[in-house]
Amino acid sequence: MKYTSTRQPSPALGLSAALAAGLAADGGLYVPQSIPIFSPEDFADCRDLPTIAARLLTPFFADDALATELPAICTQAFTFPAPVRALATPHDHVLELFHGPTAAFKDFGARFLAASMQRLHRTQSKPLTILVATSGDTGAAVAAAFSGLPGFRVAILYPDGRVSPRQAHQLGCFGGNVRALRVDGSFDDCQRLVKQALVDTQLRAQTPLGSANSISLGRLLPQMAYYAQASLEHWRRKNTSLHFIIPTGNLGNAVACVLARACGLPIGRIALATNANRVLPDFFAGADYAPQPSIATLANAMDVGAPSNFERLTWLYPDTAHLRHEFISRSIDDATIRATIRERHTRYGEVFCPHTATAIHLLECLRAEHALAPDEECTVAATAHPAKFESIVEPLIGAAVAVPHSLATLLARPAQADPLENDYAALCRTVLSD
Ligand SMILES: *Cc1c(COP(=O)(O)O)cnc(C)c1O
C-alpha cells in the first residue's frame, strides 16, 4: 500500500516513510492510495482484538518493511480489551475504550504507534525525541506508550495550571525517558512551540525529532480495530450493521470508524457529538467549514476549533452534499453535559466521563426523535474512564468514582514537571540538553 497526501497526489510513500514523516510535505495528511474491501466472512476465524487488527491492517502494511512485523506489533499494542456493555436503556450500548494504562481511547493508537516506531528506529544510534503538545489525554497516552522504550525520549508540553491535578500528575509520573514540561502559556502556545521544532531542519540535524499527534497514521489505523470487533460481534448475533455515536474533537477516533466502514465492516450510521466547539455541527448543518479558536469546556480533550482530521473526511467524501448527508453531528453544551452525567446516574446508576456524556446525550436525542427504529441497536464510544475527570463527575453524582487499577498505579507514583518558558529558544535548549 502506498500513501498520498490529501492535498497533492504525489509523491506516494510507503507506510514506514509516511509514519516517519507525520505530516506530508505539502501540509496535507497521509491517506491510503486505495481502500481495501473486506466482508464480515473474512473475519470468521478472528475474535480477539490483536487478531482482528492484524487481519484488517494487513493490506495497509502490504509491501512495507513493517509488514512481517504486523502481528507482533498488534500483540504488543492491544494488551487490553474494548468490551461492549449494555446500557440500562434498551438496545443502547457503550464500547468501553478506557481499559488501557491511561484510561482513555488514545492508549490504543499511542501503543500501536510506539510499537511501530520502535521497529522502524531500531537501527538508529541517536535517541529519537517524541515531542507532544497536550491539553491532557494525548500526552499521558504517548508518555505511557514510549515510557522505558530504548532509543526514545518523550518531551510533553502542557499549559501550566490548565490541566486537572490528576491529569498533571499523570503527565509527570513517568520519569526516566519521559520529561513533562509545564509551559507558561496556553495549549495553543504549546502546540505552536512543538510545530516550530518539528519543521526546524537545523534543530532536527542536531537531534532526531518525531511527532505523535492525532494525524499520525500510526494512531489512526489501529483505531479501526475496535470498531471492527464491535460491529462484527453484532453482525454475528443480528446480521445487521451497528450504529455508532462518537465524542469528537480532532476527528481521529471518528475517521477511524468511517474508514472501517469504507473497508466493508458492518457499520451503520455514524453520529458525531461535539462539545460547545461547534465547527463540525455547523458545517453538517450547511455552513461553510470555518475553523474557530477553541472554547474551554468540561470535555476538555474535545476542545478543538480546527479538527485536524477534517481533510481525511473530505478525502473520503469529496462531494460536500454527500458528506453532509452521511453524518449526524450535534453540539452539546456544558449544562447538558452536567445534566446528562447527573441524570444517568440518578436514573440508572451509570457513570460517564464528560466526553462520553456528549455522545450519550446525542443518543437520547436520536431515540426521542425516532431517528433510530426502536429495535435498532446503537453503540456510544466511551472514550475515557470517569475517574480521570473526578473533579467534574464526583460533585454531580454525589459519590466517589472508583479508580481503575492501571490509573491508580500511575497516581501512586511521585510526579515531577519542569517549568518551560513560553519561548522557542528555551524549548530548543531543553530538547538539546540531556
Ligand atoms: C481525545 C479525546 C476525544 C476526542 O477524540 P478525537 O480523536 O480528537 O476526535 C474524546 N474523548 C476523550 C476522552 C479524548 O481523550
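Start at 1 and go down the list; that is how both ligands and their atoms are numbered. Just so you know, these numbers come straight off a predicted model, no measurement behind them.
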Pairs of nitrogen or oxygen atoms closer than 3.5 Å, one from Leu251 and one from ligand 1: do any exist? yes
Could you label the plane-to-plane angle of the Phe108 and Phe80 rings as parallel, tilted or perpendicular, counting under 30° as parallel and over 60° as perpendicular? tilted
Any atoms of ligand 1 less than 4.0 Å from a non-hydrogen atom of Thr248? List them with their elements. 9 (O)
More than 12 non-hydrogen atoms from neighbouring residues, nucleotides or ligands closer than 6.0 Å to CG on Asp319, yes or no? yes
Ligand-side contact atoms (ligand 1) for residue partner Gly252, heavy atom cut-off under 4.0 Å: 6 (P), 7 (O), 9 (O)
Nearest neighbour in protein (non-hydrogen) for atom 14 (C) of ligand 1: Lys106 NZ, 2.8 Å
Using side chain to side chain contact (heavy atoms under 4.5 Å, CB included), reason through Thr102 and Leu407 one step at a time and then give a plain yes or no. CA-CA 6 Å; Thr102 71; Leu407 191 56; 5.6 Å; no
How far is atom 11 (N) of ligand 1 from the closest protein heavy atom, and which atom is that? Thr383 OG1, 2.8 Å
Quick note on ligand 1: atoms under 4.0 Å from a heavy atom of Ala384 include exactly 13 (C)
Among all protein heavy atoms in this structure, tell me which lies nearest to atom 8 (O) of ligand 1, with the distance rounded to 0.1 Å. Asn250 N, 2.8 Å
Is the count of non-hydrogen atoms from other residues, nucleotides or ligands lying under 6.0 Å from Asp48 atom CG greater than 12? yes
Check the pair Gln118 / His121 against side-chain hydrogen bond (donor to acceptor under 3.5 Å, both in side chains), numbers first and verdict last. CA-CA 5 Å; Gln118 184 187 6; His121 196 67; over 6 Å; no
Of all protein heavy atoms, the one nearest atom 9 (O) of ligand 1 is Gly249 N, 2.7 Å
Assess whether atom CD of Glu421 is packed by more than 12 heavy atoms of other residues, nucleotides or ligands within 6.0 Å. no
Looking only at atom types and distance, does a side-chain atom of Ser216 sit under 3.5 Å from a main-chain N or O of Ser214, one as donor and one as acceptor? no
With a sphere of 6.0 Å drawn around CZ of Arg269, does it hold more than 12 non-hydrogen atoms of other residues, nucleotides or ligands? no
Would you mind listing which atoms of ligand 1 come within a distance below 4.0 Å of any non-hydrogen atom of Met302? 3 (C), 4 (C), 10 (C)
Quick note on ligand 1: atoms under 4.0 Å from a heavy atom of Asn253 include exactly 7 (O)
Tell me whether ligand 1 is touched by Phe98 - counting only heavy atoms on the residue side and a distance under 4.0 Å. no
